[in-house]
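On a predicted model such as this, the values are computed, not experimentally measured, just so you know.
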Amino acid sequence: MALDLEKLEKILRLEANDQYRDRIVVRGLAAFIGNWTSAALKNNPTPREARLVEWVVAILTNYADFSPELRQQAIEEILAGVAKLTGEKSTSAPKPAATPPSKTTRPTDSVILNSASPLPPTAKVTEIPPEPPIPIRKSATPSVKIDLATPLIEVKGIGPTYAQRLELLGLRTINDMLYRFPFRHEDFSSFKKINELLFGRTESVLVTVLDKTGVRTKGGKELIEVTVSDDTGRLLCVFFNQYMTHGLRPGVKVVLSGRVEQWKNQICFKSPTFESAESAETDLTHTGRMVPVYHTSEALKLQILRRFIKLCVDRYAANLPEHLPADLRQLHKLMDLVQAVEEYHYPTNRVSKEVARRRLAFDEFFLIQLGVLLKRKEWENERLAAPIKANPELLEEWYAHLPFKLTDDQSRSINDVLADLAKDLPMRRMIQGDVGSGKTMVAATALLMTVAAGFQGALMAPTQILAEQHYQGLSRLFESFGMKETVLQRGLYFRLTLLTGNVKKKDIIYRQIRQGEVNIVIGTQALIQGGVEFEKLGLVITDEQHRFGVMQRSTLKSKGEQTNPHVLSMTATPIPRSLSLTVYGDLDLSVIEQMPPGRIPIRTKWVLPDDRDKAYNFIRKEIKKERQAFVICPLVEESEKIEARAAIAEHERLQRDVYPDLKLGLLHGRMKPSEKDQIMSDFRDKKYDILVSTSVIEVGIDIPNATVILIEGADRFGLAQLHQFRGRVGRGQYPSYCLLLATDELSEEGQKRLKIIEDTNNGFVLAEEDLKLRGPGEFFGTRQSGLPNLRVAGIGDTRLLELAREEATALFELDPTLSNPEHTLLADKVAKLWNVEGDLS
């Protein structure tokens with residue numbers, strides 16, 4: 001045999017024994033595979049051996065970028081393929097008989113294999129494919145030439161009714177459909193005979209329908225039992241209404257995919273997915289393969305959306321222009337765009353899905369980085385700002401007047417801001433600090449120096465109650481400082497005004513701002529209304545800037561007259577250091593990690609479902625002390641409508657069954673902004689004892705009297721979001737508590753998250769842990785407004801992110817305007833992405 005399979009197998013088993021850490025071989029497993037391949041090809045391998053070499057290379061080329069789970073999957077598939085080639089028996093354990101479990105078996109567990117087996121129950125043993133495992137699809141040459149901006153109503157097979165429903169999902173064109181990527185896949189690729197089915201596994205079978213009957217349960221509900229068979233036996237399928245079985249007629253051949261469960265003491269499929277076996281001869285859509293799962297709505301069923309997306313992918317994906325330069329793709333072994341889009345929707349296998357995801361994730365990071373660099377270039381070419389020089393003597397008086405000593409991080413951030421203000425290049429700085437770290441004091445110092453230099457300052461907050469908090473806090477601070485004799489002798493005055501949607505006599509406030517009678521304006525989006533004109537705007541501050549849209553921030557910034565105002569942004573969202581330069585790549589960043597001395601840490605407790613009543617009683621004890629509490633409902637789905645419904649039901653249950661003698665408020669995302677503001681104001685004014693809220697609870701809301709927060713379904717939230725929720729309490733002088741109530745289906749990862757947040761109050765530590773735990777998705781689980789959306793890349797793709805940043809920087813240095821002919825398509829892609837989806841202004 002030309003191949004040294006013994007050496008390959010030895011290295012792979014050593015890698016498996018080392019927990020897939022890619023450290024067995026110098027320079028990693030990919031380097032070993034390169035050397036092994038070169039040696040193999042020199043020895044004139046047979047065609048079958050050559051296919052195995054191609055297969056191994058395709059799977060392991062990007063091994064270093066794989067997750068531990070994917071590394072395990074890849075190595076197990078290769079070991080199985082080697083065993084097949086050499087005629088050895090598979091290392092997997094014998095399969096147990098296809099019998100239902102005993103009553104003591106947990107229904108969520110798969111059948112446990114022999115402990116000596118290196119393959120987990122979910123491992124899929126595959127044969128060496130007759131072709132490379134990531135084939136070039138037939139659609140690589142467009143069969144239908146079409147403009148990808150074509151409206152869906154013009155696509156044959158969709159029609160006007162479904163085009164309208166698709167538009168509700170933001171899908172208007174063919175291009176929208178191609179880039180509507182799945183958020184996960186159901187793995188129905190394992191085909192089995194009926195007598196090979198194992199309880200707890202997800203499987204697919206090719207069967208003939210024998211019989212369909214309706215039965216009544218004890219509760220009076222109708223169930224549909226469908227009996228199917230193949231040449232090894234019969235299988236029962238159970239459906240919960242007649243509609244679900246449309247198309248399952250006796251004699252029809254179908255492919256069924258689903259989880260093997262128990263019914264009437266025998267294995268069965270409960271509500272499996274199915275489609276005609278005729279599709280198996282062409283191309284399955286819903287079964288028998290890795291099937292995409294997309295976010296959809298009540299108006300459009302998943303199977304219909306999946307069918308339409310597959311129609312567009314099959315017909316039109318080949319029309320996608322390749323915007324990445326060829327040398328860049330070759331250097332980093334990135335899949336072609338057309339194949340990546342096709343494979344990510346309908347993967348050939350798990351490895352091909354990851355290779356496709358890597359290309360698409362690189363695209364997203366790369367385009368964001370190019371956009372950030374272009375925006376920074378534009379900013380540097382903007383009109384100049386008026387330099388605002390700091391007054392050292394006034395600054396010393398200010399520090400001496402403060403009732404506390406600044407932390408080192410606060411002092412460092414203030415120095416950063418004052419240095420930026422002194423330049424004629426407009427400041428673009430972000431202050432990033434944990435909840436309660438003292439960001440507002442940095443903003444107050446910047447406003448002080450702005451007013452002292454004869455300019456006006458504006459602070460914009462996302463909600464009315466947050467704007468009111470800033471107004472009250474800054475008013476107290478500046479009024480007491482302004483009464484100092486030394487300040488009065490300087491002729492320095494501080495006149496603050498609050499401008500929100502509810503403020504009356506706006507015309508008077510507009511005149512005062514226009515004529516310079518007020519020099520600090522604090523407000524909401526009311527600051528950017530047409531009637532607001534500043535006499536001499538020098539500084540704009542936005543609190544939680546990602547909560548504002550592009551046009552809102554740009555409009556406020558444009559309120560300056562002949563010069564650009566300096567811009568300072570603040571956020572309480574902790575970001576891992578490895579990501580901060582990318583997320584805020586066009587901004588200068590100052591980080592406040594230290595907490596002011598004397599702040600009482602919030603005690604956090606992970607509560608099991610059986611202890612729910614104890615948690616309720618603890619809340620009642622706090623309320624008896626005249627304190628208040630939050631109850632946060634879990635994120636049910638990515639739907640404000642469904643989430644609001646859950647919150648309303650929980651509010652009613654708590655009011656009726658648990659706290660009938662207390663006053664409970666309700667807050668959810670379907671409310672109007674004015675309604676939310678009113679609810680929060682009432683809670684602050686102690687009109688409610690408990691506020692029941694969804695995950696929309698406002699960042700930065702300051703309710704000093706709230707001392708306990710109960711988070712239902714806490715294991716469903718990410719660490720960053722749990723930390724933000726926890727920050728709603730502990731803002732006063734009283735000891736405060738965060739109760740994390742887990743669900744009954746607490747996963748191992750959920751346990752890890754709850755243990756981590758129970759042990760630390762440091763948001764930056766939690767952000768780093770979140771980075772390790774989170775899978776693909778948007779940054780922080782929520783959209784960072786102003787950044788193009790991440791559809792594929794995730795917070796865990798740190799290495800890929802850094803690579804994209806390096807390549808974007810190198811390309812930008814060579815061609816800062818992307819005007820070279822070979823970058824035409826790339827420039828067009830960046831322009832469309834940023835003009836349509838975002839701006840970091």
K605 NZ: over 12 foreign heavy atoms closer than 6.0 Å:
no
Aromatic contact, F683 with Y688 (centres under 6.0 Å)
no
Using modelled atom types only, decide if a donor and an acceptor are shared between the side chain of [X] and the backbone of [Y] within a distance under 3.5 Å.
X    : Y    : value
D176 : T173 : yes
E167 : Y162 : no
E675 : K672 : yes
R306 : P292 : yes
T463 : L466 : yes
Q262 : C268 : no
K439 : G433 : yes
H668 : I648 : no
T707 : S736 : no
S475 : Q472 : no

Could you tell me if [Y] and [X] have a donor-acceptor pair between their side chains, going purely by distance under 3.5 Å?
X    : Y    : result
E468 : Q464 : yes
S569 : T542 : yes
R716 : T743 : no
R612 : Y616 : yes
H723 : N761 : no

Could you report the tightest heavy-atom contact between [X] and [Y], atom names first, then the distance?
X    : Y    : result
I600 : Q733 : CD1-O, 3.7 Å
A647 : V692 : O-CG1, 4.2 Å
L498 : A467 : CD1-O, 3.9 Å
L152 : C312 : CD2-SG, 4.4 Å
I602 : R726 : CD1-O, 3.4 Å

Test item: [X] and [Y] side chains (from C-beta on) under 4.5 Å apart, heavy atoms:
X    : Y    : answer
L667 : L691 : yes
T694 : R670 : no
I690 : V631 : yes
V521 : L459 : no
V226 : T245 : yes
I541 : M570 : yes
R165 : L305 : no
D661 : R620 : yes

Who passes ring pair (Phe, Tyr, Trp, His ring centres under 6.0 Å) against [X], sequence neighbours left out?
X    : answer
F618 : Y737
Y734 : none
H470 : none
F725 : F717

Just jot down the side chain to side chain donor-acceptor pair (under 3.5 Å) partners of [X], sequence neighbours excluded, or say none.
X    : result
Q628 : N705
K624 : none
E650 : R653
Q678 : D682

Pairing residues for [X] by the side chain to side chain contact (heavy atoms under 4.5 Å, CB included) criterion, not counting sequence neighbours:
X    : answer
D611 : V607, L608, K614
K621 : none
A742 : W606, D715, L746, L754

With R603, which residues qualify under salt bridge (charged side-chain N to carboxylate O under 4.0 Å, His left out), at least two apart?
none
Rounded distance [0.5 Å steps], OG in S693 versus NZ in K676:
9.0 Å
Trace of the side-chain contact (heavy atoms from CB on, under 4.5 Å) decision for F269 with F239
CA-CA 9 Å; F269 275 157; F239 297 86; over 6 Å; no
